[in-house]
Visitor: 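Below you'll find the structure I mean.
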Amino acid sequence: MTATSFRRAIARTPLAPVAAFPKRLVRVARHDARVLGASARWLFTSREHHNYTYDLTRLSREHLAWFVSVTCDVSVKQVKAYLAEIDSDADLRRHIEQATANSARRGLADRQVRYARRIGWYAIVRAKRPAHIVETGVDKGLGSCVLAAALLRNAAEGNPGRVTSLDINPEAGYLAKKQPWADVVDLVIGDSIASIGALDTPVDLFLHDSDHSVAHERREFEAIEPRLAPGALLLTDNVTVTNVLAEHAERTGRRFLAYRETPARHWFPGDGIGLAW
């Protein structure tokens, strides 16, 4: 009897779970060792306590390119060109590094610039060229800067736009307060639902990234609905936690697709982008 036939014979007996246990244990140990190693490195090299930043794995970037291609109806080659744009934007990268280093909150921020899934936001804005974006939840303003960078590129090509960034924290958005990025960002401090209600310009792209409770996310999508321009896109940065946007898309007759990122060399399992169109 060969080793292979012997293993197959054991697999058909009550001893199968016992025989498989060492192999299962090794796989779990290897996985946990990678996570623990990444966690230890992060604890001693990073300052972040939330809104973690990291790069994406090569495969995750590839999947993100296809996600944007499908949802925005542009070629994947074009999407990859947009991703390369944000990667090579040296002015934006330098600004974020310097603003972070000079911020009063620098003790809780990493100076290394890593956009994670926000590069997908950039590509979506470049592909769809919205005139008015509304984002809820600003924190340091990294996402606002990414959106602004895309809008500035669009404007240079004859398609100007602005982003209204809503946050309840008066200290939010310090990264987005320098020109030229500040030229296309309107930072509004206050409750997101009340701020959405006060909007007087149709919204072409709405991004939920504030209070991630189911109730609040649902309220934001309900509040923004009557203020949307025809063909507007709805995005959520909370797609791995709730099904709110998918349910909203179903109720309103939209299509929906979700992308889940995979961080490179990080303990955090990642989040994702939900898009309804």
Visitor: What is the distance from atom CZ of R227 to atom CZ of F206, rounded to the nearest 0.5 Å?
Guide: 11.5 Å
Visitor: Nearest 0.5 angstrom please: D209 CG to N238 CG, how far?
Guide: 8.0 Å
Visitor: Salt-bridged, D139 to R105, with N to O below 4.0 Å?
Guide: yes
Visitor: Using 4.0 Å as the upper bound for N to carboxylate O, is an ion pair formed by R255 and E250?
Guide: no
Visitor: Name the orientation class of the two ring planes belonging to Y54 and F268 (parallel below 30°, tilted from 30 to 60°, perpendicular beyond 60°).
Guide: tilted
Visitor: Is D204 salt-bridged to R129, going by a charged N under 4.0 Å from an acidic O?
Guide: no
Visitor: For the OH atom of Y52 and the CG atom of D271, what is their distance to the nearest 0.5 Å?
Guide: 11.5 Å
Visitor: Nearest 0.5 Å, what's the CD1-NZ distance between I96 and K178?
Guide: 11.5 Å
Visitor: Taking the side chain as every heavy atom from C-beta outward, state whether E261 and R61 have any pair of such atoms under 4.5 Å apart.
Guide: no
Visitor: Given E225, which partner from the list R218, R219, R254 fulfils the salt bridge (Lys or Arg N to Asp or Glu O under 4.0 Å) test?
Guide: R254
Visitor: Please assess I119 against V146 for the test side-chain contact (heavy atoms from CB on, under 4.5 Å), listing each intermediate value before the final yes or no.
Guide: CA-CA 7 Å; I119 61 174; V146 168; over 6 Å; no
Visitor: Yes or no on side chain to side chain donor-acceptor pair (under 3.5 Å) for Y259 and S60, after CA distance, side-chain angles and deciding distance?
Guide: CA-CA 9 Å; Y259 156 79; S60 191; 2.7 Å; yes
Visitor: Check each of R265, R117, R114, R118 against D55 using the salt bridge (Lys or Arg N to Asp or Glu O under 4.0 Å) test, and report the only one that passes.
Guide: R265
Visitor: Between L228 and L234, is there a side-chain heavy-atom distance shorter than 4.5 Å?
Guide: yes
Visitor: State the NZ-CG distance between K177 and L175, to the nearest 0.5 angstrom.
Guide: 10.0 Å
Visitor: Give the ring-plane orientation class for H208 versus F221, where under 30° counts as parallel, over 60° as perpendicular and anything between as tilted.
Guide: tilted
Visitor: Has the side chain of N102 got a donor or acceptor atom that lies under 3.5 Å from a matching backbone atom of Q98?
Guide: yes
Visitor: Between the side chain of T252 and the main-chain N/O of H248, is any donor-acceptor distance below 3.5 Å?
Guide: yes
Visitor: Would you give the length of the straight line joining atom OG1 of T236 to atom CG of L207, rounded to the nearest 0.5 angstrom?
Guide: 7.5 Å
Visitor: When you compare the side chain of E135 with that of V163, does any pair of heavy atoms fall below 4.5 Å?
Guide: yes
